[in-house]
Amino acid sequence: MVDRLANSEANSKRIAVVEGCFGAAGQPLAIPGRVLIGEGVLTKLCRKRPKARQFFLFNDILVYGNIVIQKKKYNKQHIIPLESVTIDTVPDEGDLRNGWLIKTPTKSFAVYAATANEKSEWMNHITKCVEDLLQKSGKLPTGEHAAVWVPDSDATQCMRCKKVKFTPVNRRHHCRKCGFVVCGPCSEKKYLLLSQSSKPVRVCEYCYAQLMSGSLAPNSDSIGRQGSKFNSSNMSDDDDEDDSSD
């Protein structure tokens, strides 16, 4: 079906509509062979709270963005190559139901569908697209992924020292290696994880020690660098946020 739709006028029009919804700030999406498989609103588990995001599944990429006007305007476009994606189901917990993890070397997060059937359809289509891509390229599935961040609301105190309680003064920070919510003193070190950033990123004391000793393997393309301390007073919110809106 994908091959049949690849060069169809209907597929080209659908992709053009998606490009138009993101506007000039979005990247062009129309390339030869690309097919829009499906789209829909999913709840993304963001750092501070769950938020609705518009997702578009293509046969080679997954695109999502913030909803400004439903079906008309989206912003903050994110593009994830499907070759690097693996997915795992997430158990239902309270109001968060019908969820699964989207894991990549750069970023991993949980999303939730409105119904169990919708979850099944999304997971089946993503799995099929990834399998087809890997089969065509001859590549192996990605072996390691970025940690899924623990939401701020799940931690009232540092998950490492278990002493510092979070307040407006004692801010929450996230270790980029394990995803734990930690205090400033427990996350003063940086480590270069090339799959996540071209610059050293914040890691907790535990992960830093493990990475430096070789006990904890960094991402396969990561390089260790001697740690330096953060000056929290000079950091902008974006330096320590998953995303300025997430």
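Because the structure is a prediction, the values reported are computed rather than measured.
- When the side chains of ILVMFWY residues are joined at heavy-atom separations under 4.5 Å, either directly or via intervening members, I15 and I37 end up in two distinct hydrophobic clusters.
- L42 is listed as a side-chain neighbour of W100, based on a closest heavy-atom distance under 4.5 Å.
- To the nearest 0.5 Å, the span separating CD1 on I80 from CD1 on I61 amounts to 10.0 Å.
- Criterion: ILVMFWY side-chain heavy atoms under 4.5 Å apart, direct or through other members. Under it, F22 and I79 are part of a common hydrophobic cluster.
- The main-chain N or O of N98 is found under 3.5 Å from a side-chain atom of D92 such that the two form a donor-acceptor pair.
- No side-chain donor-acceptor contact under 3.5 Å links N59 and R34.
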Mind running side-chain contact (heavy atoms from CB on, under 4.5 Å) on R49 and K51 for me, showing each step along the way? CA-CA 6 Å; R49 64 183 183 277; K51 298 179 181 178; 3.8 Å; yes
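- Geometric assessment of K44 against the ring of F109 yields a positive cation-pi assignment under the 6.0 Å and 45° thresholds.
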Decide side-chain contact (heavy atoms from CB on, under 4.5 Å) for L45 and L96; before the verdict, give the C-alpha distance in whole Å, the side-chain angles of both, and the deciding distance to 0.1 Å. CA-CA 9 Å; L45 191 59; L96 294 174; 4.1 Å; yes
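- Placement of F166 and F180 within a single hydrophobic cluster is found when ILVMFWY residues are connected by side-chain heavy-atom separations under 4.5 Å, directly or transitively.
- With 3.5 Å as the limit, one finds no donor-acceptor pair spanning the side chains of S8 and K13.
- Inter-residue side-chain proximity for V18 and V63 is flagged as unmet; no heavy-atom pair is nearer than 4.5 Å.
- Annotation for G40 and Q54: closest pair N-NE2, 3.6 Å, computed over non-hydrogen atoms.
- Contact check for I102 versus V85: side-chain heavy atoms found under the 4.5 Å cut-off.
- Applying the side chain to side chain contact (heavy atoms under 4.5 Å, CB included) test between W122 and each of K119, H125, E118 identifies E118 as the sole match.
- Using a 4.5 Å cut-off on side-chain heavy atoms (C-beta onward), C161 and P185 make no contact.
- With values rounded to the nearest 0.5 angstrom, C186 atom SG is found 12.0 Å from M159 atom CE.
- Taking 4.5 Å as the limit, every side-chain heavy atom of Y191 sits out of range of all side-chain heavy atoms of V201.
- The side-chain heavy atoms of T43 and V111, taken from C-beta on, include no pair separated by under 4.5 Å.
- Side chains of P151 and K48 form no contact here, defined as non-hydrogen atoms less than 4.5 Å apart.
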Take E83 and K139, measure what side-chain contact (heavy atoms from CB on, under 4.5 Å) needs, and give me the verdict at the end. CA-CA 8 Å; E83 275 190 347; K139 295 180 180 179; 3.1 Å; yes
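- N124 places a side-chain N or O within donor-acceptor distance of the main-chain N or O of S120, the cut-off being under 3.5 Å.
- Checked against the 6.0 Å centroid threshold, Y74 and F56 count as a close aromatic pair.
- Closest heavy-atom contact between G179 and A147: N-CB, 3.6 Å.
- Between atom OG1 of residue T156 and atom CZ of residue R172 there is a gap of 7.5 Å, rounded to the nearest 0.5 Å.
- Of all heavy-atom pairs spanning P105 and S195, the tightest one is O-OG, 3.3 Å.
- Side-chain contact annotation: E19 with Q27, donor-acceptor N/O pair under 3.5 Å absent.
- In this structure, A146 and Q196 approach most closely via the heavy-atom pair CB-NE2, 3.9 Å.
- Rounded to the nearest 0.5 angstrom, K73 NZ and N66 CG are separated by 11.5 Å.
- E205 and R160 are not joined by a salt bridge, as no carboxylate oxygen comes within less than 4.0 angstrom of a charged side-chain nitrogen.
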As a quick check of understanding, evaluate side-chain contact (heavy atoms from CB on, under 4.5 Å) for V148 and L101, giving each step before the final call. CA-CA 8 Å; V148 178; L101 298 177; 4.1 Å; yes
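- Of the possible polar contacts, one joining the R176 side chain to the H174 backbone as a donor-acceptor pair under 3.5 Å is found.
- Screening residues 62-71 for salt bridge (charged side-chain N to carboxylate O under 4.0 Å, His left out) gives no qualifying pairs among residues at least two apart or on separate chains.
- The two atoms that bring R202 and S187 nearest to each other are NH1-O, 2.8 Å, heavy atoms only.
- Residue T89 comes nearest to G99 through the heavy atom pair OG1-O, 3.7 Å, listed as atom of the first residue, atom of the second, then distance.
- Counted within 6.0 Å of CG on D95, heavy atoms from surrounding residues, nucleotides or ligands total 12 or fewer; the atom is thus considered open.
- Within the 4.5 Å cutoff, no side-chain heavy atoms of F55 are placed close to those of V41.
- At a threshold of 4.5 Å between side-chain heavy atoms, the hydrophobic network of Ile, Leu, Val, Met, Phe, Trp and Tyr places L82 and V35 in one connected group.
- Residue I67 is not grouped with residue Y64 when hydrophobic side chains (ILVMFWY) are merged at heavy-atom distances under 4.5 angstrom, including chains of intermediate members.
- We find the NE2-OG1 distance between H145 and T106 to be 10.0 Å, quoted to the nearest 0.5 Å.
- Remark: K136 NZ to L133 CG distance equals 7.0 Å, nearest 0.5 Å.
- Not counting sequence neighbours, the partners of K103 by the salt bridge (charged side-chain N to carboxylate O under 4.0 Å, His left out) test are D88.
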